[in-house]
Amino acid sequence: MIDLKQLRENPQAFSDRLRRRGADFDLDRILELDAQQRQLEQQRSQLQARSNEIGALVGKKIKSGVAATDPEIQALKAEANDLKQQLSDLEPQERQLKEELERLLLTIPNPPSETTPIGRDETENVEVRRWGEEYKPSQPCQPHWDIATQLGLWDVERSVKVAQSRFVTLLGMGAALERALIQFMLDTHRDRGYVEVLPPLLVNSASLTGTGQLPKFAEESFRCADDDLWLIPTAEVPVTNLYRDEILAADQLPIYHCAYTPCFRREAGSYGKDTRGLIRLHQFNKVELVKFVHPETSAAEHEALVADAEFILQALKLPYRVIELCTGDLGFGAMKCYDLEVWLPAAGCYREISSCSNFGDFQARRAKIRFKGAKQKGTQFVHTLNGSGLAVGRTMAAILENYQQPDGTVRVPAVLQPYLKCSHIGGAKS
RNA sequence: GGAGAGGUGGCAGAGUGGUUGAAUGCGCUUGACUCGAAAUCAAGUUUAGGGUAACACCUAACGGGGGUUCGAAUCCCCCCCUCUCCGCCA
């Protein structure tokens, strides 16, 4: 959620920054509602002050022995009743204004950071760096779904029977590889200072609103309508909301969490895209990194978060590049975002495998996650950051393609061999 | 699913119509005493909105919403949540 006070004080700067996203937002309406609301509030609180005064006065008089039927008391009661009448007029008006204001505020995205490159769409994203040598085999490289089928790592047809298209069942070494990846990622992040959490996979609407998926992106999540519960689209939601409505002590920051969860996405509007393989599914596994930090450190924490995600790719020796998203491609709640894209040799291109965002105080404001120094007067919003560390299914796809051998087997990355207890998948060696 | 209990400040826990944003204890902060610490004493210690140069000050909030009343943490209605027991269940 944007800061209404900032908007009020400098609407032009605000809308300029927001416009970099490539769309216009009706900030005037918000300012108008805000002004009206505040005016009403002022009126209302004056009336209420007088009403409180009368209440206290009547109480005092009755206590000191004045009869309730005394004309003086009758007059005060009459005045209070009159005030009540006026208040019952004002209150619903103000509430309505507040609700509309809140509704509008929740639909405004986060203004991009000053450092975010300005651009229209993904074609204007900026490559920051590359790591590793792209694997370009002389003979045509098989796509990971063919490798997975040949090696018996998954079953697509039966998954459709059990659920629907875009669900996948991993089998045998396929399942084991996925599990090994999850464990490797979690172990690594834990060693690097993240506290592991295993959160609920169903969350309530308040949580989805806190992180920004609601109200605008309701159609992208699976919903259990009878219970006001939703399947999580990412661990970001339950983990960030762990601290919703809390005031943390300043010395509790920074908080680093890592979490493995399945993620559920309806992928509405993506029909026909990536229909084969492990790239785009309704359910996939992800290890997520989430940070809660002091605002002054968030830029540095963001870079460190990206490095932590990169570390996994480096450990797996998977070539990748780091892309900084331009303002036009930035997610709703992010003010700055780096994507990690892994090299997929079959397609000969890089594909997103991690997205590391700095949300500034945008989510904290929605979810009311604040902190307070020991001697500090007011509260401040924390900054939240998160990133995939990594998307597990896509990592498996990248391994299958980058590590396939001429004999049809897939070599197991060295760091995973202790987990899988073998050096190759498929053939006699597995 | 059935029965019961309960939701008050960082925590514990009073408060059943009157200046109670809320006793008391613990915790925390500051100060005094001390060479220092403990103990003791004193003061302070919720959040949000408005307001102010900054204070002052005003308003709201005792799970949420509505009602009764001049006045509600306290009375009435609806909803939500938590806990305990029983049933079912990994």
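So you know, we letter chains A, B, ... as the sequences are listed, proteins then strands, and number each from 1. Values reported hereafter were calculated over all heavy atoms of this structure, with side chains retained and with hydrogens, waters and symmetry mates removed.
In summary, A:Glu114 and A:Arg17 engage in a salt bridge, as defined by a charged side-chain N under 4.0 Å from a carboxylate O. In summary, A:Glu267 and A:Arg280 engage in a salt bridge, as defined by a charged side-chain N under 4.0 Å from a carboxylate O. Salt bridge status for A:Arg192 with A:Asp308: present, with a side-chain N to carboxylate O gap under 4.0 Å.
For RNA chain B, the contact window with chain A, defined by any atom under 4.0 Å from a protein heavy atom, covers B:G18 to B:G71 in 5' to 3' order.
Residue A:Glu41 is classed as a base contact, given a heavy-atom separation below 4.0 Å to a base. Residue A:Arg8 is in sugar-phosphate contact alone, with no base atom involved, counting any heavy-atom pair closer than 4.0 Å across all strands shown.
A donor-acceptor contact closer than 3.5 angstrom is absent between the side chains of A:Ser221 and A:Arg265. If you check the side chains of A:Gln74 and A:Asp70, you find no donor sitting under 3.5 Å from an acceptor.
For the C1' atom pair drawn from B:C79 and B:U20, the interatomic distance equals 27 Å after rounding to whole Å. Rounded to whole Å, the P atom of B:G66 lies 14 Å from the corresponding atom of B:A72. Spacing of P atoms, B:C26 relative to B:G87, comes out at 44 Å, to the nearest Å. Atom name C1', nucleotides B:A12 and B:A3: the rounded distance is 29 Å, in whole Å. Annotation: B:A23 and B:G9 have their P atoms spaced 12 Å apart (nearest Å). A gap of 13 Å separates the P atoms of B:U29 and B:A37, to the nearest Å. A gap of 32 Å separates the C1' atoms of B:U8 and B:G1, to the nearest Å.
Under a 3.5 Å cut-off, the side chain of A:Arg21 and the backbone N or O of A:Gly331 do form a donor-acceptor pair. In terms of modelled atom types and a separation under 3.5 Å, the side chain of A:Thr275 and the main chain of A:Gly272 share no donor-acceptor contact. Judged purely by atom type and a 3.5 angstrom limit, A:Thr261 has no side-chain atom pairing as donor or acceptor with the backbone of A:Cys263.
Two rings, from A:Phe264 and A:Phe284, have their centers 6.0 Å or more apart.
A search for salt bridge (charged side-chain N to carboxylate O under 4.0 Å, His left out) contacts involving A:Arg8 returns A:Asp34, not counting sequence neighbours. Every residue two or more places apart in sequence or in another chain that forms a ring pair (Phe, Tyr, Trp, His ring centres under 6.0 Å) with A:His302 is listed here: A:Tyr338. Taking A:Tyr243 as the reference, A:His257, A:Phe292 meet the ring pair (Phe, Tyr, Trp, His ring centres under 6.0 Å) condition, with sequence neighbours excluded. Looking at residues two or more places apart in sequence or on another chain, you find a ring pair (Phe, Tyr, Trp, His ring centres under 6.0 Å) between A:Tyr194 and A:His189, A:Tyr256. Listed by chain and residue number, A:Arg29 satisfy the salt bridge (charged side-chain N to carboxylate O under 4.0 Å, His left out) test with A:Glu100 (two or more places apart in sequence, or in another chain). A:His282 meets the ring pair (Phe, Tyr, Trp, His ring centres under 6.0 Å) test with A:Phe167, A:Phe222; sequence neighbours excluded.
Stem regions annotated for RNA chain B: B:1-7 with B:80-86, B:10-12 with B:24-26, B:27-32 with B:40-45, B:46-50 with B:57-61, B:63-67 with B:75-79, counting only runs of 3 or more consecutive pairs of Watson-Crick or G-U type with both contacts under 3.5 Å.
Where A:Gln42 and A:Asn81 each meet RNA chain B at their nearest nucleotide, the meeting point lying more 5' is that of A:Gln42.
For RNA chain B, the residues of residues 241-249 of chain A within the heavy-atom distance limit of 4.0 Å (strictly under) are A:Ile247, sorted by number. Annotation: proximity of residues 60-69 of chain A to RNA chain B (heavy atom, distance under 4.0 Å) is found for A:Lys60, A:Ile62, numbered in ascending order. For residues 90-105 of chain A, proximity to RNA chain B is found at A:Arg95, defined as any non-hydrogen atom under 4.0 angstrom from a strand atom.
Here side chain to side chain donor-acceptor pair (under 3.5 Å) pairs that include residues 284-294 of chain A, with residues two or more places apart or in two chains, are A:Glu178-A:Asn285, A:Thr234-A:Lys286, A:Tyr260-A:Asn285, A:Lys286-A:Glu288, A:Lys291-A:Glu301.
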